[in-house]
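Working notes, beginning with the structure itself.
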Amino acid sequence: MILETQKLQNSHYKMLRDLGVLIYHRKDQKGGLDESELHDLLRIVSVEEMEKEYRKAYERGFEEGITGE
C-alpha cells in the first residue's frame with residue numbers, strides 16, 4: 001500500500017496528490033477515517049472538484065490536439 005500511496009503523492013494531478021497525502025497522514029492506518037479525514041476526502045472528490053479536473057483535462061486535450069504538443 002505504501003507504493004500506491006507514494007504514486008498518488010507524486011501524481012501530476014492535484015486531486016490525486018491530495019488523496020495520497022490524506023491516506024499517508026491518516027491518524028489510524030488500521031481503521032476507517034475519522035470525521036475530519038472524511039470531510040477532507042469529500043472535499044477532494046466533490047462534484048465541483050471533479051468537474052474542474054475534467055474541464056482542465058478536456059482543455060489540455062483540445063490544446064494538444066490543435067498544437068500537436
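Small disclaimer: the values here were computed from a predicted structure and weren't measured.
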Interatomic spacing from [atom1] in [X] to [atom2] in [Y] - rounded to 0.5 Å:
{"X": "Leu33", "Y": "Asp40", "atom1": "CG", "atom2": "CG", "value": "9.0 Å"}
{"X": "Leu8", "Y": "Ile23", "atom1": "CG", "atom2": "CD1", "value": "5.5 Å"}
{"X": "Leu42", "Y": "His39", "atom1": "CG", "atom2": "NE2", "value": "8.0 Å"}

> Is there a side chain to side chain contact (heavy atoms under 4.5 Å, CB included) between Asp34 and Asp28 once you walk through the steps?
Replying inline: CA-CA 8 Å; Asp34 68 16; Asp28 178 7; over 6 Å; no
>> Looking at His25, I want to see if its NE2 is surrounded by more than 12 non-hydrogen atoms of other residues, nucleotides or ligands under 6.0 Å.
In response: yes
> Around atom CD of Glu35, are there more than 12 heavy atoms of other residues, nucleotides or ligands at under 6.0 Å?
Replying inline: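 No.
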Run the side-chain donor-acceptor check on residues 12-20: report pairs under 3.5 Å with partners two or more places apart or on a different chain.
residue: Lys14; atom: NZ; partner: Asp18; partner atom: OD2; Å: 2.7
residue: Arg17; atom: NH1; partner: Ser11; partner atom: O; Å: 3.2
residue: Arg17; atom: NH1; partner: His12; partner atom: O; Å: 3.1

> Listed by chain and number, what are the side chain to side chain contact (heavy atoms under 4.5 Å, CB included) partners of Glu48, not counting sequence neighbours?
Replying inline: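 Expected list: Ser46.
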> For Lys52, what residues pass the side-chain hydrogen bond (donor to acceptor under 3.5 Å, both in side chains) criterion, not counting sequence neighbours?
Replying inline: Glu49
> Residues two or more places apart in sequence or in another chain: which of them pass side-chain hydrogen bond (donor to acceptor under 3.5 Å, both in side chains) with Lys30?
Replying inline: none
>> Among residues at least two apart in sequence or on other chains, which ones pass salt bridge (Lys or Arg N to Asp or Glu O under 4.0 Å) with Glu37?
In response: none
> Does Lys56 come within less than 4.0 Å of Glu53, counting only side-chain N to carboxylate O?
Replying inline: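 Salt bridge present between Lys56 and Glu53.
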> Are Ile44 and Met50 co-members of a hydrophobic cluster defined by side-chain heavy atoms under 4.5 Å apart?
Replying inline: yes
